[in-house]
Student: 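Just dropping this structure here.
Counting from 1, the numbers follow the sequence of the chain as shown.
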Amino acid sequence: MTTIPSRLAKLTTTVNSWEEARRASNAAYRAWYRSAPDIVQLYTLNVSPSLVRLKFRQDFERNRDTITDLSVMNVMLLKNQQEFQETMNAWKQEPHVMQWFKRFDDPAPPKTFLEKFYASRDDPSQVSSF
């Protein structure tokens, strides 16, 4: 697949009402949702398209009720389009895409001394330099 930089390029537009923002957000979500199989194939990911779609859903739902300012919404929509264009034009590497799933794969970081010891992780503040 050849990279055509202008293939997914859009003019920067600003939304002036929450109704326009909802429409733009739904269109962005649909674009990501439809591209999940292409992303899995393009980056040869070891995850299913349904898991990719679940991650997209979680990201959109996370910001659903937290954004209360239209200017913030405009920035989020702009960054969303930029991320989508970079992803679909293969301007990323597989590790960049797999960072989306880091929270699912990594265990919780050790907190107590014994958990750190069992994980073979030293606390830099307690290690004396020789």
Side-chain angles (χ1 to χ4, degrees):
M1 179 172 164
T2 35
T3 301
I4 304 171
S6 61
R7 179 175 70 130
L8 299 166
K10 283 186 177 180
L11 289 176
T12 304
T13 58
T14 58
V15 294
N16 297 319
S17 69
W18 286 107
E19 183 60 29
E20 288 179 41
R22 186 185 66 79
R23 272 191 247 120
S25 179
N26 284 345
Y29 175 73
R30 275 190 233 108
W32 279 105
Y33 191 87
R34 290 175 182 153
S35 67
D38 297 335
I39 292 170
V40 170
Q41 181 183 13
L42 183 65
Y43 292 98
T44 59
L45 302 178
N46 292 330
V47 296
S48 67
S50 60
L51 185 62
V52 174
R53 287 178 174 145
L54 174 67
K55 181 59 179 161
F56 295 155
R57 179 68 179 214
Q58 287 175 346
D59 287 345
F60 275 85
E61 288 291 329
R62 184 182 66 228
N63 295 321
R64 183 180 205 162
D65 296 325
T66 57
I67 300 174
T68 57
D69 187 12
L70 272 176
S71 60
V72 174
M73 186 65 170
N74 283 325
V75 170
M76 294 294 285
L77 288 169
L78 173 69
K79 287 185 175 188
N80 172 64
Q81 177 58 31
Q82 178 183 356
E83 183 81 10
F84 182 69
Q85 183 179 9
E86 289 174 359
T87 304
M88 294 308 295
N89 279 333
W91 292 343
K92 295 182 174 192
Q93 298 293 316
E94 181 187 357
H96 299 133
V97 177
M98 289 307 291
Q99 283 292 323
W100 298 342
F101 306 100
K102 185 172 175 43
R103 193 180 67 196
F104 295 120
D105 295 338
D106 290 346
K111 294 182 178 136
T112 65
F113 172 76
L114 282 178
E115 288 176 352
K116 290 177 183 177
F117 178 76
Y118 294 142
S120 298
R121 294 182 184 164
D122 294 329
D123 189 2
S125 64
Q126 295 180 355
V127 175
S128 62
S129 59
F130 295 102

Student: How far apart are the closest heavy atoms of Leu77 and Ala24, and which atoms are they?
Tutor: CD1-CB, 3.8 Å
Student: May I ask whether Phe84 and Trp100 are part of the same hydrophobic cluster, defined by side-chain heavy atoms of I, L, V, M, F, W, Y residues being less than 4.5 angstrom apart, directly or through others?
Tutor: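 Both belong to a single hydrophobic cluster.
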Student: What pair of heavy atoms forms the shortest contact from Trp18 to Ile67, and how long is it?
Tutor: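 For Trp18 and Ile67, the tightest heavy-atom pair comes out as CH2-O, 3.8 Å.
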Student: Nearest 0.5 angstrom please: His96 NE2 to Glu83 CD, how far?
Tutor: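 If we round to the nearest 0.5 Å, His96:NE2 and Glu83:CD are 10.5 Å apart.
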Student: Please check: side-chain N/O of Asn74 versus main-chain N/O of Val15, any donor-acceptor pairing under 3.5 Å?
Tutor: yes
Student: Can you confirm whether Thr14 sits close enough to Asn16 that some side-chain heavy atom of one is under 4.5 Å from a side-chain heavy atom of the other?
Tutor: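 Yes, their side chains come closer than 4.5 Å.
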Student: Any chain of hydrophobic side-chain contacts (each under 4.5 Å) joining Phe56 to Leu45?
Tutor: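 The answer is yes; both residues are in one hydrophobic cluster.
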Student: Leu42 versus Ile39: any side-chain heavy-atom pair under 4.5 Å?
Tutor: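 No; the side chains remain at least 4.5 Å from each other.
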Student: Is any side-chain heavy atom of Arg53 closer than 4.5 Å to a side-chain heavy atom of Pro37?
Tutor: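 With C-beta onward as the side chain, the pair touches.
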Student: Should Phe60 and Val72 be counted in the same cluster of Ile, Leu, Val, Met, Phe, Trp and Tyr side chains packed under 4.5 Å apart?
Tutor: no
Student: Side chain to side chain contact (heavy atoms under 4.5 Å, CB included), that's the test. Do Lys55 and Gln58 meet it? Break it down for me.
Tutor: CA-CA 5 Å; Lys55 181 59 179 161; Gln58 287 175 346; 3.9 Å; yes
Student: Flag yes if more than 12 heavy atoms outside Gln41 fall under 6.0 Å of its CD atom; otherwise flag no.
Tutor: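 No - once you tally the heavy atoms of other residues, nucleotides and ligands closer than 6.0 Å, there are 12 at most.
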Student: Calculate, to the nearest 0.5 Å, the distance between atoms NZ and CE belonging to Lys92 and Met98 respectively.
Tutor: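 Atom-to-atom, Lys92:NZ and Met98:CE are 12.5 Å apart.
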Student: Please say whether more than 12 non-hydrogen atoms of neighbouring residues, nucleotides or ligands are located less than 6.0 Å from CD in Glu61.
Tutor: yes
Student: Got a salt bridge between Glu20 and Arg23, using NZ or NE/NH1/NH2 to carboxylate O under 4.0 Å?
Tutor: no
Student: With distance as the sole test, does Ser25 use its side chain to make a donor-acceptor pair with the main-chain N or O of Ala21 at under 3.5 Å?
Tutor: no
Student: Determine whether a donor-acceptor pair (N or O, by modelled atom type, separation under 3.5 Å) exists between the side chain of Tyr43 and the backbone of Thr87.
Tutor: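 Looks like yes, one N/O pair under 3.5 Å.
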Student: Could you tell me which non-hydrogen atom of Glu94 sits nearest to which non-hydrogen atom of Thr44, and how far apart they are?
Tutor: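 Heavy atoms of Glu94 and Thr44 come nearest at OE2-O, 3.9 Å.
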Student: Is it true that the side chains of Asn80 and Trp32 contain a donor and an acceptor less than 3.5 Å apart?
Tutor: yes
Student: Should Arg22 and Ser17 count as side-chain neighbours, where that means a heavy-atom distance under 4.5 Å?
Tutor: no
Student: Does a sphere of radius 6.0 Å around CG in Asn46 hold more than 12 heavy atoms from other residues, nucleotides or ligands, not counting ones at 6.0 Å or beyond?
Tutor: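 Not buried by this count: 12 neighbours or fewer within 6.0 Å.
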Student: Does any non-hydrogen side-chain atom of Arg34 lie less than 4.5 Å from one of Tyr29?
Tutor: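 Sidechains of Arg34 and Tyr29: no contact.
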Student: I'd like to know if Leu78 and Leu70 are part of one continuous hydrophobic network [Ile/Leu/Val/Met/Phe/Trp/Tyr, side-chain heavy atoms within less than 4.5 Å].
Tutor: no
Student: Would you call Glu115 and Lys111 a salt bridge, using N to O less than 4.0 angstrom?
Tutor: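 The answer is no: the pair does not qualify as a salt bridge.
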Student: State whether the side chain of Ser35 and the backbone N or O of Asp38 hold a donor-acceptor pair below 3.5 Å, judged by distance alone.
Tutor: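 Not confirmed, Ser35 side chain does not pair with Asp38 backbone.
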